Amino acid sequence: MTDAAALPGQPRGGVLDGPATARAINVLAPNASPMTLDGTNTWILSEPDSELAVVIDPGPLDDVHLRNVVDTAEKAGKRVALTLLTHGHPDHAEGATRFAELTGTKVRALDPALRLGDEGLVAGDVVRTGGLELRVVPTPGHTADSLCFHLPADRAVLTGDTILGRGTTVVAHPDGRLGDYLDTLRRLRSLTVDDGVHTVLPGHGPVLDDAQGAVEYYLAHRAHRLAQIETAVEDGYRTPSEVVAHVYADVDRSLWPAAELSVRAQLDYLREHGLI
């Protein structure tokens, strides 16, 4: 068995549901798949002495899960006062409207189409609820509307799909762009170096206790894949599907459609920079 401390980001073992930090509780959605790993992590955040909570990513439109989130908050003595979205993919956001009905909350997101209420989210926003402070970090790349949330009091960052608890994420071409994603990873690295962030609370998979190690791994992985794809094109593999079959030959074929999105984004990046 591999020691978790030796894996990128030092993932925590054990059950994913339940408290993760002093201010964060995870409620795991029952939508496990090769793309969603164990399922979507729905995060309940609050100050320990506050009755108000913020929920990030209610998850899929699954009434049992959404009610479980509400029940989990109530059992902890909390009332959900606000809902936030990291991005608009259905496994994170499809249940937001129904969750807002259950809780009477507004939904704030970068994409106006996902909002319920007058307030959105933009870079530099600070969300304060019941004494809890969350700083909005723009992190495009996986999607154009991707956001992360910096939780300074726990020295943590909630990353949605930008950094996962296991494996690596997809640059969802054409909405996602590799150049943006690389800039995002460098922005997150600065959070770990300059702001002391050490914990990643991801949208899927286990909590990571070495945020800087996770970011460095992602940057190295992207550089490696980019070099592989550049070489593949030089060797005559031209179409995205040809490149996927060559470069991702060791990856489960069920993941090839997602891999092709990242390949398309990387091919665009190489063309934009005159490398192919």
Side-chain angles (χ1 to χ4, degrees), residues 2 6-11 33-37 86-89 91 123 137-148 157 159-194 200 202-205 208 210-276:
T2 303
L7 296 173
Q10 295 182 16
S33 74
M35 287 297 294
T36 60
L37 304 181
T86 61
H87 66 298
H89 280 168
D91 56 313
V137 183
T139 51
H142 170 66
T143 60
D145 70 328
S146 288
L147 298 171
C148 290
V157 61
T159 54
D161 281 353
T162 297
I163 292 180
L164 306 178
R166 185 169 66 251
T168 56
T169 199
V170 172
V171 179
H173 180 274
D175 185 43
R177 294 176 55 82
L178 180 61
D180 290 342
Y181 189 62
L182 294 175
D183 288 343
T184 279
L185 291 176
R186 288 187 280 266
R187 186 174 299 119
L188 291 175
R189 180 170 58 187
S190 75
L191 279 183
T192 70
V193 173
D194 301 330
V200 173
H204 303 280
L208 301 177
D210 178 14
Q212 185 174 352
V215 174
E216 295 292 358
Y217 172 76
Y218 266 60
L219 283 165
H221 171 79
R222 282 294 165 207
H224 177 64
R225 282 296 193 212
L226 201 58
Q228 286 181 307
I229 290 169
E230 185 176 0
T231 300
V233 172
E234 291 171 353
D235 290 344
Y237 299 93
R238 299 297 180 187
T239 68
S241 59
E242 289 173 345
V243 172
V244 169
H246 178 67
V247 173
Y248 290 79
D250 60 339
V251 173
D252 187 328
R253 281 177 173 260
S254 69
L255 297 175
W256 280 15
E260 185 169 323
L261 296 178
S262 286
V263 165
R264 288 180 181 274
Q266 290 173 96
L267 290 172
D268 279 357
Y269 180 88
L270 291 169
R271 291 188 192 101
E272 290 164 5
H273 289 79
L275 298 173
I276 59 173

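Please read all numbers here as calculations on a predicted model, not as lab measurements. Sequence positions, counted from 1, serve as the residue numbers for this chain. Because only heavy atoms are used, hydrogens play no part in the values below, and waters and symmetry mates are left out as well, while side chains stay in.
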Side chains of [X] and [Y] only: does a donor on one sit below 3.5 Å from an acceptor on the other?
X      : Y      : value
Asp161 : His142 : yes
Asp91  : His204 : yes
Thr159 : Thr162 : no

Report yes or no: does [X] contribute a side-chain atom to a donor-acceptor pair with the main-chain N or O of [Y] at less than 3.5 Å?
X      : Y      : answer
Arg271 : Ile276 : no
Trp256 : Val251 : yes
Asp175 : Thr143 : no

Could you check if a side-chain atom of [X] sits within less than 4.5 angstrom of a side-chain atom of [Y], using non-hydrogen atoms only?
X      : Y      : value
Ser146 : Thr86  : no
Tyr181 : Asp183 : no
Val171 : Arg177 : no
Tyr269 : Leu182 : yes
Leu267 : Pro240 : yes
Val263 : Tyr248 : yes
Pro11  : Leu208 : yes
Arg166 : Pro8   : no

| field | Geometric class of the His87/His89 ring pair [parallel <30°, tilted 30-60°, perpendicular >60°] | value |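 Judged by the thresholds at 30° and 60°, the geometry between His89 and His87 is perpendicular.
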| Neighbour count >12 (heavy atoms, 6.0 Å) for atom CZ, Arg253 |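 No, because the 6.0 Å sphere around CZ of Arg253 holds 12 heavy atoms or fewer from other groups.
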| message | Within the supplied structure, the quantity of interest is the number of heavy atoms (other residues, nucleotides, ligands) at a distance under 6.0 Å from Arg222 CZ; does it exceed 12? | response |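 Yes, CZ of Arg222 has more than 12 neighbouring heavy atoms, counting only those of other groups under 6.0 Å.
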For [X] versus [Y], what's the shortest heavy-atom pair and its separation?
X      : Y      : answer
Glu242 : Gly236 : OE1-O, 4.3 Å
Leu178 : Ala265 : CB-O, 4.0 Å
Leu147 : Pro138 : CD2-CA, 3.9 Å
Arg187 : Thr139 : NH1-CA, 4.3 Å

Calculate, to the nearest 0.5 Å, the distance between atoms [atom1] and [atom2] belonging to [X] and [Y] respectively.
X      : Y      : atom1 : atom2 : value
His246 : Ile229 : NE2   : CD1   : 10.5 Å
Thr184 : Arg189 : OG1   : CZ    : 12.5 Å
Gln266 : Arg225 : CD    : CZ    : 8.0 Å

| Can we say Arg264 and Glu260 salt-bridge, meaning some charged N sits less than 4.0 Å from an Asp/Glu carboxylate O? |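 Between Glu260 and Arg264 there is a salt bridge, with a charged N closer than 4.0 Å to a carboxylate O.
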